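Here the structure comes first, spelled out in structure tokens, and everything after it is commentary.
This is a predicted model, so every value here is computed, not measured.
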Amino acid sequence: MVVGGGEIAARKIDLLLRAGAAVRIVAQSLSSELEHRLQQSQVSWLAKQFEPQQLDDVFLVIAATDDAALNAEVFEQANRRQLLANVVDDQPKCSFIFPSIVDRSPIVVAISSSGTAPVLARMLREKLETLLPTSLGKMAEIAGSFRDRVKQRFSSMTARRRFWEQTFDGRFASLVTAGQIPEAEQVLQQQLDNPESISRNGEVTLVGAGPGDAGLLTLRGLQVMQQADVVLYDHLVSDEILDLVRRDADRICVGKRAGSHSVVQEETNRMLVELAQQGKKVVRLKGGDPFIFGRGGEELQAVSAAGIPFQVVPGVTAAAGATAYAGIPLTHRDYAQCVMFITGHSRPDGNGMQWETLAKGNQTLAIYMGTVKAAEISQQLIAHGRAASTPVAVIGRGTRVDQQVLTGTLDNLELLAQQAPTPALLVIGEVVALHDKLAWFGHQPQTDDAVRPSVVNLA
């Protein structure tokens with residue numbers, strides 16, 4: 001029974017319903033949320049006034065009103081009947097405490113400070129939430145359905161423990177995480193029938209690290225990085241994100257810089273395959289999103305050809321992250337009805353730029369790796385009809401604490417690109433004009449007025 005019908009009572013009732021409780025409410029009135037639950041027959045409204053006899057067939061009672069005398073009476077009457085009782089935010093009047101819960105049912109983690117520091121317990125729960133994948137519950141559910149079979153297959157507790165350790169740390173777990181439940185159950189059955197068949201191969205997970213700010217790393221990306229045996233990373237991955245890698249994991253830099261390729265692509269592909277074949281969990285950590293100008297597809301082609309299992313964790317691409325932190329919306333009803341992601345660093349034998357298409361108005365161009373060719377980009381766009389006065393921005397080290405945003409017009413794009421720190425993103429389009437009003441992060445940008453005098457001086 002819950003005495004009280006406000007927001008706090010509603011939160012407690014939500015937890016009770018998740019646990020399968022039949023909830024009765026005693027309250028003068030109900031919040032809109034509880035009214036909805038009542039209409040859905042999820043709860044029953046027992047009475048408006050509390051009476052002690054209402055507790056006669058109750059297992060647990062919660063008092064969640066702003067009437068201290070009523071709360072005290074509920075607690076006293078519950079104690080007389082030896083019932084579990086909780087008066088919200090009144091520790092002495094609690095015979096049990098609500099813990100902070102990480103719910104991955106049937107896996108449940110409860111954190112309690114015995115009522116002394118509930119906010120601290122909640123903060124610890126939030127940290128655990130980031131480390132425990134949502135697939136844990138399904139993994140436990142499948143394991144439970146196989147438990148009797150495993151007991152029949154392995155007579156000793158030690159053998160069963162080793163089997164489950166290998167299972168929860170192997171291909172079965174990866175398949176559950178990927179949502180491939182029938183395949184996961186098939187692998188589990190194969191391993192049970194023939195434990196020697198448990199693959200000694202590792203796997204490769206391609207992870208997008210985002211544009212720089214560690215806060216933009218996805219929850220799944222963090223979980224995978226915490227489980228990695230070895231991480232192959234690029235120069236674009238920030239130190240803050242690398243600090244989140246498991247401490248005892250090997251780290252190998254395979255980054256590339258324009259004009260200075262420290263590791264050729266074929267060597268990276270070879271390392272991914274060889275490390276996985278050694279039974280290691282390999283994370284390939286790439287800046288931004290690995291499938292947007294990140295050669296992630298090429299690397300996974302090599303991994304797939306070698307028969308290595310793999311997963312992909314997408315990331316926030318630079319065009320989305322850097323422009324958001326610069327206060328530049330990529331699309332806007334008044335300025336741009338589409339956005340194009342373009343690389344300024346194409347293969348020499350590849351197709352050239354479609355300048356006629358790129359020069360059209362009412363669209364935003366987000367150009368990766370374009371600083372070296374900024375002069376050509378400016379000249380070609382103007383030559384094919386884009387106005388020289390089109391607003392542009394060069395965002396250097398986007399989303400990082402030292403982010404710089406240089407704004408101007410298309411005719412001085414080259415100068416802006418020369419002044420911006422790398423890595424840098426070029427943004428061309430009328431939406432850049434909104435930057436002055438929407439900029440919110442980091443240093444205030446240098447505007448067109450700040451840039452033009454330097455152009456005059458250079459001239």
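- At a threshold of 4.5 Å between non-hydrogen side-chain atoms, the residues R18 and I101 do not count as touching.
- Side-chain contact check for F341 versus T364: every heavy-atom pair is 4.5 Å or farther apart.
- Residues passing the salt bridge (charged side-chain N to carboxylate O under 4.0 Å, His left out) test with E274 are R270, sequence neighbours excluded.
- Put simply, the side chain of P290 does not reach to within 4.5 Å of the side chain of V207, judged on heavy atoms.
- Between I428 and L413, the closest side-chain pair of non-hydrogen atoms falls below 4.5 Å.
- A search for side chain to side chain contact (heavy atoms under 4.5 Å, CB included) contacts involving S41 returns nothing, not counting sequence neighbours.
- Of the inter-residue distances, the one linking I181 atom CD1 with L175 atom CG reads 8.5 Å to the nearest 0.5 angstrom.
- For the residue pair Q265 / N269, a side-chain donor-acceptor distance below 3.5 Å is found, with atom types taken as modelled.
- A distance-only check finds a donor-acceptor pair linking the side chain of S145 to the backbone of I142 [under 3.5 Å].
- Test T371, I367, T323 against L425 for side-chain contact (heavy atoms from CB on, under 4.5 Å) and you get one pass: T323.
- Between K286 and E299 there is a salt bridge, with a side-chain nitrogen of the basic residue lying less than 4.0 Å from a carboxylate oxygen of the acidic one.
- With sequence neighbours left out, D248 forms a side-chain hydrogen bond (donor to acceptor under 3.5 Å, both in side chains) with R246.
- Looking only at side-chain heavy atoms (C-beta outward), Q191 and V187 come within less than 4.5 Å of each other.
- Formation of a donor-acceptor pair under 3.5 Å by the W45 side chain with backbone atoms of A27 is found in this model.
- A ring-ring contact (aromatic ring centres under 6.0 Å, His included) check over residues 267-302, counting only residues at least two apart or in different chains, returns the pairs F293-Y368.
- Every residue two or more places apart in sequence or in another chain that forms a salt bridge (charged side-chain N to carboxylate O under 4.0 Å, His left out) with E165 is listed here: R161.
- In terms of heavy-atom proximity, E33 sits nearest to A10 at OE1-CB, 3.8 Å.
- Here the side chain of Q337 pairs a donor or acceptor atom with the backbone of R333 at under 3.5 angstrom.
- Atom CD of residue Q418 and atom CG of residue L406 lie 11.5 Å apart, to the nearest 0.5 angstrom.
- Residues L285 and M225 come closest through the heavy atom pair CD1-SD, 4.0 Å.
- A search for side chain to side chain contact (heavy atoms under 4.5 Å, CB included) contacts involving Q28 returns K48, Q49, not counting sequence neighbours.
- Screening V3, L16, V87, V23 against I62 for a side-chain contact (heavy atoms from CB on, under 4.5 Å) leaves a single residue, L16.
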Side chain to side chain contact (heavy atoms under 4.5 Å, CB included) between I328 and L438, worked out
CA-CA 7 Å; I328 301 174; L438 302 183; over 6 Å; no
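- With contacts defined as side-chain heavy-atom distances shorter than 4.5 Å, the pair V282/D229 does not qualify.
- Looking at V339 and Q363, their side chains never come closer than 4.5 Å, going by heavy atoms from C-beta outward.
- Contact detail for A322 and G398: the closest heavy-atom pair is CB-CA, 4.1 Å.
- Within 6.0 Å of the CG atom in D66, the count of heavy atoms belonging to other residues, nucleotides or ligands does not exceed 12.
- Residues passing the side chain to side chain contact (heavy atoms under 4.5 Å, CB included) test with E126 are R122, sequence neighbours excluded.
- Sorted by first and then second residue, the salt bridge (Lys or Arg N to Asp or Glu O under 4.0 Å) pairs involving residues 101-110 (not counting sequence neighbours) are R104-E129.
- Between atom CG of residue L232 and atom CG of residue L206 there is a gap of 11.0 Å, rounded to the nearest 0.5 Å.
- Within the structure, salt bridge (Lys or Arg N to Asp or Glu O under 4.0 Å) contacts touching residues 386-398 (residues at least two apart or in different chains) are R386-E430, R397-D402.
- Formation of a donor-acceptor pair under 3.5 Å by the W355 side chain with backbone atoms of G385 is not found in this model.
- Within the model, atoms CD1 of I395 and CG of L416 stand 11.5 Å from one another, a figure rounded to the nearest 0.5 Å.
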R251 vs L242, test: side chain to side chain contact (heavy atoms under 4.5 Å, CB included). Steps then yes/no.
CA-CA 9 Å; R251 304 180 189 185; L242 285 175; 4.0 Å; yes
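- The CG atom of L381 sits 10.5 Å away from the CD atom of E356 when rounded to the nearest 0.5 Å.
- Between the side chain of Q226 and the backbone N or O of L244 there is at least one donor-acceptor pair closer than 3.5 Å.
- Using the six-membered ring where Trp is involved, F168 and W164 have ring planes that are parallel, under 30° apart on the 30 and 60° scheme.
- Residues satisfying the side-chain hydrogen bond (donor to acceptor under 3.5 Å, both in side chains) test with T218, not counting sequence neighbours, are none.
- In this structure, G202 and P309 approach most closely via the heavy-atom pair O-CD, 3.6 Å.
- Of the possible donor and acceptor atoms, none in the side chain of S113 sits under 3.5 Å from a partner among the backbone N and O of A121.
- Considering only residues two or more places apart in sequence or on other chains, Y335 meets the side-chain hydrogen bond (donor to acceptor under 3.5 Å, both in side chains) condition with none of them.
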Walk me through whether Q186 and Q189 qualify under side chain to side chain contact (heavy atoms under 4.5 Å, CB included).
CA-CA 5 Å; Q186 183 179 4; Q189 185 61 56; 5.8 Å; no
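- A distance-only check finds a donor-acceptor pair linking the side chain of N412 to the backbone of T409 [under 3.5 Å].
- Side-chain atoms of L275 and I252, non-hydrogen and from C-beta on, do get closer than 4.5 Å to each other.
- Taking all atoms of both residues into account, the shortest heavy-atom contact from M353 to T343 is CE-O, 3.2 Å.
- Between the side chains of E203 and S174, at least one donor-acceptor pair of N or O atoms lies under 3.5 Å.
- In terms of the side-chain hydrogen bond (donor to acceptor under 3.5 Å, both in side chains) criterion, residue partners of S135 (sequence neighbours excluded) are, by chain and number, T177.
- M340 contributes atom CE, which lies 6.0 Å from atom OG1 of T357 (distance to the nearest 0.5 angstrom).
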Derivation and outcome, side chain to side chain donor-acceptor pair (under 3.5 Å), residues Q311 and T205
CA-CA 5 Å; Q311 299 182 43; T205 304; 4.6 Å; no
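- Without hydrogens or angle criteria, T422 side chain to A424 main chain gives no donor-acceptor distance under 3.5 Å.
- Put simply, the side chain of H435 gets close to the backbone of A326: a donor and an acceptor are under 3.5 Å apart.
- Taking both residues in full, the closest heavy atoms of D169 and K281 are given as OD1-NZ, 2.6 Å, listed atom of the first, atom of the second, then distance.
- A side-chain donor-acceptor contact under 3.5 Å links T390 to the backbone of A387.
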